[in-house]
Amino acid sequence: MSPELELATIAAREAGALLRENFGCDHEVDEMLTHDIKLALDVKSQDLIEKRILETFPEHAIYGEEGIAGNQESDTEWIVDPIDGTVNFFFGLPHFCVSIAMRQAGELKIGAIYDPMMDEMFTVDFEGPATRNGKPIRPSNRAELSEAVVTIGFSKNKESIDAGMEKYKNFAHRVRKTRMMGSAALALAYIACGRLDAYVEEMISIWDIAAGQLMLERGGGKVELSQSGVHSDRSGILSHNGKLNFDGLV
Ligand code: LIP
């Protein structure tokens, strides 16, 4: 395991332990938005991750959901989602994670996604297969939409919900089942290990998807990002096991 990935897993586990300790407690809410919630714990989790990374690589940059830190001129940037699935966490739904990726000169190199409730660590290093708890993973072989379980996220505003609904209507009747689980990072990790076959969302941020994208692509999966039709600095995402055809549907 590279020193960078080892650091990412250590930081993700520490942040995951913080989340697990606070799961089910009363939470300090920073912002209660129409379709989103921002918690003080989001910031605390990212602070912990930043500290761990910068004490090892003080010259690196950090770009996270809760802000930037470190040397923003650096070629090496850590992309952090301190709680992916914050609304799940707040409501006591045990489906959320910590997601940490690192990219150099804009190219994704390593990633770690830790689910503290399942105690599952998904990783991808500079080389080699993505893993779950150290064991290699790979996407499913399901090649027909009629066999596929597809997860969709509806993001955080009316426009993205409306756009997501249109996409949902296009494919919902064609697939075996659809799921809405509330964590983009875990959606990608689950496709990377064959638990799900595809994930679609209209408006998603890089910190939600960076680590999972690398894991999925490393295993031969596909991740298509498009400029979100509803929000300038977000992407639309269509991701799948590399065998499904969504042409004309999403
Ligand atoms: C969440 C994403 C999810 C999306 C939610 C939210 P957060 O990330 O993982 O896919 O539907 O709106 O953006 O905000 O909990 O880190």
Side-chain angles (χ1 to χ4, degrees), residues 12 15-16 18-19 22-23 27 29-49 62-67 78-101 111-118 122 149-168 178-192 195-196 198-213 215-216 223-226 228-231 233-240 250:
L18 174 71
L19 304 186
N22 287 274
F23 183 68
H27 300 302
V29 176
D30 283 351
E31 273 189 287
M32 188 66 85
L33 303 168
T34 308
H35 300 296
D36 197 19
I37 298 173
K38 304 296 288 174
L39 300 175
L41 204 62
D42 284 291
V43 176
K44 200 171 169 191
S45 175
Q46 182 162 324
D47 286 349
L48 185 159
I49 295 164
I62 292 179
Y63 181 58
E65 181 164 19
E66 302 309 321
W78 297 79
I79 303 168
V80 176
D81 192 341
I83 312 177
D84 185 62
T86 303
V87 173
N88 285 354
F89 177 82
F90 178 79
F91 276 77
L93 293 168
H95 187 76
F96 52 87
C97 63
V98 177
S99 181
I100 301 173
I113 295 173
Y114 182 55
D115 174 344
M117 305 311 283
M118 294 281 285
F122 297 88
V149 177
V150 178
T151 187
I152 185 166
F154 282 103
S155 209
K156 303 181 179 182
N157 62 39
K158 181 184 182 311
E159 294 78 10
S160 61
I161 291 169
D162 290 346
M165 289 285 191
E166 286 311 306
K167 294 183 177 179
Y168 182 76
T178 56
R179 293 286 182 266
M180 281 177 239
M181 298 173 73
S183 169
L186 285 177
L188 290 163
Y190 280 20
I191 302 169
R195 288 176 177 165
L196 288 171
Y199 157 57
V200 177
E201 185 147 3
E202 172 62 25
M203 187 182 86
I204 203 70
S205 300
I206 189 169
W207 47 75
D208 295 310
I209 60 172
Q213 174 179 355
M215 287 173 196
L216 180 52
V223 177
E224 296 172 25
L225 301 178
S226 54
S228 167
V230 293
H231 204 295
D233 64 357
R234 300 287 191 278
S235 299
I237 185 170
L238 164 61
S239 53
H240 57 80
V250 174

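Computed from a prediction, not measured in an experiment: that's the story for all the values here. Because only heavy atoms are used, hydrogens play no part in the values below, and waters and symmetry mates are left out as well, while side chains stay in. In each ligand, atom 1 is the first atom listed, and ligand 1 is the first ligand listed.
- Using a 4.5 Å heavy-atom threshold, the side chains of His35 and Lys158 count as separate.
- Counting heavy atoms closer than 4.0 Å to ligand 1, residue Asp81 contributes side-chain atoms (C-beta onward) but none from N, CA, C or O.
- Closest protein heavy atom to atom 1 (C) of ligand 1: Asp84 OD1, 3.9 Å.
- With a heavy-atom cut-off of 4.0 Å, Asp208 touches ligand 1 through its side chain alone.
- Atoms of ligand 1 found under 4.0 Å from any heavy atom of Tyr199, numbered from 1 in the order shown, are 10 (O).
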Can you give each donor-acceptor pair under 3.5 Å made by side-chain atoms of residues 178-189, sequence neighbours left out, with the distance rounded to 0.1 Å?
{"residue": "Thr178", "atom": "OG1", "partner": "Tyr168", "partner atom": "OH", "Å": "2.9"}
{"residue": "Ser183", "atom": "OG", "partner": "Asp84", "partner atom": "OD2", "Å": "2.6"}
{"residue": "Ser183", "atom": "OG", "partner": "Leu186", "partner atom": "N", "Å": "3.2"}

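- Residue Ser160 holds its OG atom at 10.0 Å from CE of Met165, rounded to the nearest 0.5 Å.
- The nearest pair of heavy atoms linking Pro82 to Glu65 is CD-CB, 4.0 Å.
- Take Lys44 and apply the side chain to side chain contact (heavy atoms under 4.5 Å, CB included) test, not counting sequence neighbours, and it matches Leu18, Leu41.
- The nearest pair of heavy atoms linking Met32 to Val29 is N-CG1, 3.9 Å.
- Ring pair Phe89/Phe96 is perpendicular by interplanar angle, where above 60° counts as perpendicular and below 30° as parallel.
- The distance criterion of under 3.5 Å between nitrogen or oxygen atoms is met by Ile83 with respect to ligand 1.
- When hydrogens are left out, the protein atom nearest atom 7 (P) of ligand 1 is Gly85 N, 3.7 Å; that is the closest non-hydrogen contact.
- Distances below 4.0 Å separate heavy atoms of Thr86 from the following atoms of ligand 1: 15 (O).
- Under 4.0 Å from ligand 1, the heavy atoms of Glu65 that appear belong solely to its side chain.
- Looking only at heavy atoms of the protein, atom 14 (O) of ligand 1 is closest to Lys156 NZ, 3.0 Å.
- Every N/O-N/O distance between His35 and ligand 1 stays at or above 3.5 Å.
- At least one N/O-N/O distance between Ala184 and ligand 1 falls below 3.5 Å.
- Protein heavy atom closest to atom 4 (C) of ligand 1, with residue, atom name and distance, is Glu201 OE2, 3.2 Å.
- Closest heavy-atom contact between His27 and Leu39: CB-CD2, 4.0 Å.
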